[in-house]
2 protein chains.
Amino acid sequence: MPVERVRRRIPEATVARLPVYLRILVEQATEEVECISSEGLAELAGVNAAKVRKDLSYLGSYGTRGVGYEVAFLVYQIRRELGLTHDWPVVIVGAGNLGQALAGYNGFGERGFPVAGIVDIEPGKVGSVIGGVRVRHIDDLQQIVQSRRVSIGVVATPPSAAQDAADRLVRAGVTSILNFAPVVLAVPRGISVRKVDLAVELQILSYYEQRRVGVGLQAVGSNDSTRGASA
Amino acid sequence: MPVERVRRRIPEATVARLPVYLRILVEQATEEVECISSEGLAELAGVNAAKVRKDLSYLGSYGTRGVGYEVAFLVYQIRRELGLTHDWPVVIVGAGNLGQALAGYNGFGERGFPVAGIVDIEPGKVGSVIGGVRVRHIDDLQQIVQSRRVSIGVVATPPSAAQDAADRLVRAGVTSILNFAPVVLAVPRGISVRKVDLAVELQILSYYEQRRVGVGLQAVGSNDSTRGASA
DNA sequence: CGCGCTTTGTGAACACGTGCACAACTGCAT
DNA sequence: ATGCAGTTGTGCACGTGTTCACAAAGCGCG
Ligand SMILES: NC(=O)c1ccc[n+]([C@@H]2O[C@H](COP(=O)([O-])OP(=O)(O)OC[C@H]3O[C@@H](n4cnc5c(N)ncnc54)[C@H](O)[C@@H]3O)[C@@H](O)[C@H]2O)c1
Ligand SMILES: NC(=O)c1ccc[n+]([C@@H]2O[C@H](COP(=O)([O-])OP(=O)(O)OC[C@H]3O[C@@H](n4cnc5c(N)ncnc54)[C@H](O)[C@@H]3O)[C@@H](O)[C@H]2O)c1
């Protein structure tokens, strides 16, 4: 067996699917499943089996021919590759409708993304407690980021304030941003940004919905998730 | 000028970008901008100018060489292509944390996706009013969908109930689903599904974050949004 | 009217992602 | 040992998406 070579670059499309495999594998593990074939995993993930094999092959040759993949080992490998061997605390900017829903959601902490803090600019919002976290003033952002070693920030402000929020996050030392505001953020090189725009999702559905009329059923590529993290 | 030919199929990647252009163009229109070049639009959308031109060319040749595109006209054409000439009422299943945030959000209605109803299985949740909409029991789903001619459903239930929610939506007559639960939904052919999985987004950020260490700055493709609506 | 400046629309090359097909390999049964 | 059924890992061909580069075309000005 060769010495651990330099880390291979993993295609973006694969990176986007690994979390899905991971979730499924963790679930399988809790159901005492010890071994899974690419076909089985593909079925559960709603993708092609060859794609699963190719994706997993970027991690290394961790399968056993004729048998499949050991679930626990795969979980470990994917976690390692995704950098999920330790927690990534996140800070949320904007304690409105959405920010509160996010802060009150346990799913993130469970998956390794505890809410290190939530901040707002509105003095009226400061002080209330959501999901066990007290809302603090945005001026405390830098302090939170640095003391808790936060590298991921979430923008949940109104669109007009989103760029300001992003600027503050970057200034505070955050290097990855998840943006819920429907605006294109400008960030310095080296900062990763991902955008979740629900209106865009609905509009895409609308497009296919509208085409459906009169065209009958049509198949439009399966549900994947290829989106760049810009830098 | 030729007679309006059969509708061209628009590449999925383009469909995913059109809503972004649309938002920017609408904003420009409110700022009295009448004309915009592909370069200007590209700048605002954070993409390559050639891409903008190619994307827009799928709608037809609506630009003027040497000048650019007429904003109002482009808005109209993109709206038409995306099927946004009329409202698409949506129904939300699951009035929890997230469902309430969604229902209380005005942005959807403003963009042509009014909340026609929100339902829950928990009797305790039924009756409360969120964003002007009363929560109803899930047994009323079919009635809501049919009376309001809803074709888009939103799944905001816990993961364990998501497949059930999807099944009910499909049975009620919905043909497009936006799924917030971290599960892969099985739906009949012809039903479009799009998934928004925040944990996956964070994990993707984690991957690049982890790679950043020791590698220095690296550029990883710009922020696009290519995801199939399955059928 | 013609010229030069600007910007579109698109052909062509390239990059990336997908899926088939199959050789290589494993483990088990005989 | 040998054979066989099962499954991985991957070469290859194909399709999709991105970007460059440039001819074609509109506009304004002299
Ligand atoms: N609520 C939803 O379901 C939903 C859905 C899709 C998209 N979004 C988007 O998410 C964002 C937040 O939505 P929301 O419904 O929570 O809005 P909201 O108005 O309820 O909350 C925004 C919060 O941000 C705070 N804020 C404003 N400027 C700030 C600044 N400069 N720094 C820090 N905080 C600031 C406000 O005080 C407010 O508490 C918006 O951009 C919206 O378009 C929300
Ligand atoms: N809250 C967030 O910020 C957040 C973030 C990411 C993902 N999600 C996902 O969104 C989903 C909803 O999250 P949440 O925080 O709102 O959960 P929640 O528990 O607050 O709300 C879920 C609601 O669904 C209802 N429900 C349960 N089974 C149902 C059924 N069969 N039919 C109809 N309604 C049913 C429950 O009564 C409850 O009101 C979950 O799958 C979660 O993983 C939420």
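Keep in mind that the numbers below use all heavy atoms, side chains included, and drop hydrogens, waters and symmetry copies. Keep in mind it's a predicted model, so treat the numbers as computed, not measured. Chain letters run A, B, ... following the sequence lines, proteins first and then strands; every chain starts at 1.
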Nearest whole angstrom, please: distance from the [atom2] of [N] to the [atom1] of [X].
X        : N       : atom1 : atom2 : result
Arg65(A) : dG6(D)  : CZ    : C1'   : 12 Å
Leu18(B) : dG17(D) : CG    : P     : 13 Å
Leu56(A) : dT18(C) : CG    : C1'   : 15 Å
Lys51(B) : dT8(C)  : NZ    : C1'   : 18 Å
Glu39(A) : dG9(D)  : CD    : P     : 15 Å
Leu41(A) : dT7(D)  : CG    : P     : 14 Å
Tyr58(A) : dC16(C) : OH    : P     : 11 Å
Asp55(B) : dG9(C)  : CG    : C1'   : 13 Å

Short side-chain N/O contact from [X] to OP1 or OP2 of [N], under 4.0 Å:
X        : N       : result
Asn48(B) : dC20(D) : yes
Arg53(B) : dA24(D) : no
Ser38(A) : dT8(D)  : yes
Tyr69(B) : dG9(C)  : yes

At how many degrees, to 10°, do the end axes of the helix from dC1(C)-dG30(D) to dT30(C)-dA1(D) meet when each uses five pairs? 10°
Candidates dA21(D), dA21(C), dT18(C) - which lies nearest the side chain of Ala50(A): dA21(C)
Distances for protein N or O near nucleotides 28-30 of chain C N or O, under 3.5 Å:
none

Contacts of type salt bridge (charged side-chain N to carboxylate O under 4.0 Å, His left out), residue Arg23(A), not counting sequence neighbours: Asp197(B)
Without placing hydrogens or testing angles, list every side-chain donor-acceptor pair under 3.5 Å for residues 72-79 of chain B, not counting sequence neighbours.
unit_1   : atom_1 : unit_2   : atom_2 : d
Gln77(B) : OE1    : Arg80(B) : NE     : 3.2
Gln77(B) : OE1    : Arg80(B) : NH2    : 2.7

Mind telling me whether His86(A) and Trp88(A) have parallel, tilted or perpendicular rings, with 30° and 60° as the class edges? tilted
Give each protein N/O atom lying under 3.5 Å from an N/O atom of nucleotides 11-14 of chain D, with the pair distance.
unit_1  : atom_1 : unit_2   : atom_2 : d
dG11(D) : O6     : Lys54(A) : NZ     : 3.2
dC12(D) : N4     : Lys54(A) : NZ     : 3.3

Going by the side chain to side chain donor-acceptor pair (under 3.5 Å) test, which pairs reach into residues 152-176 of chain A, not counting sequence neighbours? Gln163(A)-Asp167(A), Asp164(A)-Arg168(A), Thr175(A)-Glu209(B), Ser176(A)-Glu209(B)
